[in-house]
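Following: one structure in structure tokens, then a few remarks.
Small disclaimer: the values here were computed from a predicted structure and weren't measured. In this chain, numbering begins with 1 at the start of the sequence shown. In listed order, ligands and their atoms are each counted from 1.
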Amino acid sequence: MRISVIGCGYLGAVHAACMAKLGHEVVGVDVDERRIAELQEGRAPFFEPGLAELLEEVLVSGRLKFSSNPSDIKGAQVHFLCVGTPQRKGEYAADLRHLDAAFSGLLDSVEPGNVIVGKSTVPVGTAARLAERLQERHPDAVLAWNPEFLREGFAVKDTLHPDRFVYGVPSGDAGAGAAAMLDGVYAAALAEGTQRFITDYATAELVKTAANSFLATKISFINAMAEVCDAAGADVTLLADAIGADERIGRKFLNAGIGFGGGCLPKDIRAFMARAGELGADQALTFLREVDDINVRRRIRVVELTRTLVGGSLLGKRITVLGAAFKPDSDDVRDSPALSIAAQLQLQGADVTVTDPQALSNARGRFPELTFEPDLDAALEKADALLLLTEWDEYRELSPTAAGAVVRHRNILDGRNVLDAAQWRSAGWNYQGIGRP
Ligand code: UGA
């Protein structure tokens with residue numbers, strides 16, 4: 001099929017490359033000319049495992065092109081809207097300016113029979129509003145809402161082999177036609193038995209925000225348990241293993257630590273609360289305020305634990321932060337808990353050095369006041385404390401003996417509870433986990 005992808009960020013660039021991999025003819029467009037030039041040369045503008053190799057493969061096939069000219073989407077049968085919907089400055093609500101601008105541009109190129117497919121995460125009601133605009137200009141084109149559930153770090157795999165599809169479509173023949181088009185796009189995954197749910201617009205939009213809210217709630221739940229474990233002298237990791245053994249609860253997303261960050265979970269729960277308020281259903285989501293508060297409290301707690309770890313005062317202490325990205329296998333630093341902790345420690349007088357295998361250049365752009373050291377050994381040198389804040393494999397596998405030989409004081413705070421406490425302690429380290437005795 002002939003496909004256009006509008007917006008080539010973390011979501012759109014991966015989607016475009018994966019659609020070409022599936023055999024479709026794809027054009028990806030974005031207003032950012034530098035990003036488009038990089039993509040056209042086969043360079044991924046961000047770190048995502050497998051993306052660079054995939055881009056190279058599909059660009060050579062000739063099935064994938066990138067362009068900064070919005071009218072190059074003409075001729076596509078299906079147009080995917082993949083632009084970002086960040087949090088508005090000073091508010092909880094989502095900023096839909098990029099989406100509205102992309103949609104207006106798209107209307108100039110739509111042809112009869114086209115299907116426009118929204119993938120961006122939006123406040124419920126957005127699809128119905130956009131469908132009305134589409135109807136006015138192009139009564140013979142259809143809008144579908146098809147939320148994306150990919151995780152950064154697994155984006156290629158999640159796009160090629162998702163665990164479900166949700167198609168929000170209008171009722172009647174128009175909706176059935178749009179669903180049939182999407183079935184054509186996703187034929188390969190559907191043939192593998194991937195579930196597909198056909199819904200109205202509002203349900204499709206809500207599936208996405210409800211899923212992210214549930215995941216955020218699970219993380220904040222276990223982090224709240226970590227606070228209680230700290231107070232009671234219990235171990236939250238064992239607690240998570242034991243409650244997670246109950247199939248109804250499940251062990252996934254019960255890793256206590258410094259909390260969730262990134263470009264999705266934090267802003268999505270806030271936008272969801274804001275939208276529920278507009279709809280008069282704010283009471284239904286007041287618990288998300290608590291989920292957010294627990295999450296933010298994690299960061300404050302880690303600063304306090306670090307102060308205790310280095311003897312009561314942060315002033316002049318050399319702190320090495322292992323990890324800047326909001327999660328491993330990503331260079332994304334949007335709302336990264338690791339960086340917000342690093343910045344807070346620095347503000348309170350510590351001399352903070354941050355290291356990360358991929359995210360340093362993005363981190364430097366956001367927090368120029370911090371010191372960044374790409375070389376792990378150099379970062380460890382003469383540290384008064386190490387803080388493992390993003391669980392990259394190289395930090396999980398760090399040798400306590402080798403690290404112990406270069407630091408000034410053997411203090412480690414394991415902000416993701418991924419190290420073997422006994423092993424570090426027996427190598428002479430003062431080990432501090434989260435919610436662990
Ligand atoms: C999240 C969802 O998992 C995806 O399904 C969704 O498509 C995506 O948002 C989106 O809306 O686009 P992502 O932001 O890539 O994906 O990252 P997650 O794997 O969900 O992790 C989010 C944060 O939670 C990270 O900071 C991670 O370190 C933290 N986390 C995760 C925990 O603190 N504990 C856990 O047990 C799991």
Side-chain angles (χ1 to χ4, degrees), residues 7 9-15 46-49 82-87 94 119-122 146-159 162-166 205-226 236-237 239-241 243-244 249-272 291-292 294-299 301-302 323-341 356 359 388-392 395-396 414-418 434-435:
Y10 283 96
L11 165 60
V14 175
H15 193 69
F46 47 84
F47 177 74
E48 180 61 46
C82 295
V83 294
T85 51
Q87 186 174 341
K119 290 199 86 64
S120 310
T121 302
V122 291
N146 169 224
E148 179 56 57
F149 305 105
L150 68 79
R151 298 157 298 168
E152 288 179 27
F154 300 91
V156 172
K157 177 181 161 285
D158 285 353
T159 306
D163 48 16
R164 81 282 209 192
F165 289 111
V166 175
E205 293 166 316
L206 283 172
V207 168
K208 171 69 191 196
T209 29
N212 276 2
S213 299
F214 191 82
L215 294 172
T217 303
K218 232 181 150 180
I219 299 169
S220 277
F221 175 84
I222 202 66
N223 281 330
M225 292 306 110
V236 75
T237 306
L239 180 134
D241 290 345
I243 63 170
I249 297 173
R251 178 62 178 83
K252 289 181 183 159
F253 266 68
L254 282 184
N255 296 321
I258 63 171
F260 58 82
C264 303
L265 262 43
K267 65 106 177 154
D268 286 355
I269 60 169
R270 293 175 191 150
F272 199 16
V291 166
D292 202 6
I294 293 168
N295 195 50
V296 171
R297 214 153 61 218
R298 292 285 81 201
R299 304 178 184 191
R301 172 86 179 134
V302 169
F326 84 106
K327 66 188 271 191
D329 293 317
S330 171
D331 65 354
D332 194 347
V333 298
R334 288 175 293 173
D335 204 353
S336 163
L339 277 182
S340 102
I341 290 165
D356 189 287
L388 193 165
L389 300 187
T390 312
E391 68 277 34
W392 288 93
Y395 308 148
R396 286 170 174 264
D414 179 5
R416 298 291 187 174
N417 286 347
V418 290
I434 303 281

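- Rounded to the nearest 0.5 angstrom, D158 CG and D163 CG are separated by 7.0 Å.
- Residues satisfying the salt bridge (charged side-chain N to carboxylate O under 4.0 Å, His left out) test with R301, not counting sequence neighbours, are D230.
- The contact shell of ligand 1, taken as protein residues with any non-hydrogen atom closer than 4.0 angstrom, comprises E148, F149, L150, R151, E152, K208, N212, L215, I219, F253, L254, N255, G259, F260, G261, C264, L265, D268, F326, K327, R416.
- Checked against salt bridge (charged side-chain N to carboxylate O under 4.0 Å, His left out), K327 has no partners two or more places apart in sequence or in another chain.
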Acceptor/donor pairs from residues 257-264 side chains to any protein atom, 3.5 angstrom cut, sequence neighbours excluded:
none

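- The pair R151-D329 fails the salt-bridge criterion, with no side-chain N (NZ, NE, NH1 or NH2) lying under 4.0 Å from an Asp/Glu carboxylate O.
- Taking CG of L254 as the reference point, atom CE of M225 lies at 10.5 Å (rounded to 0.5 Å).
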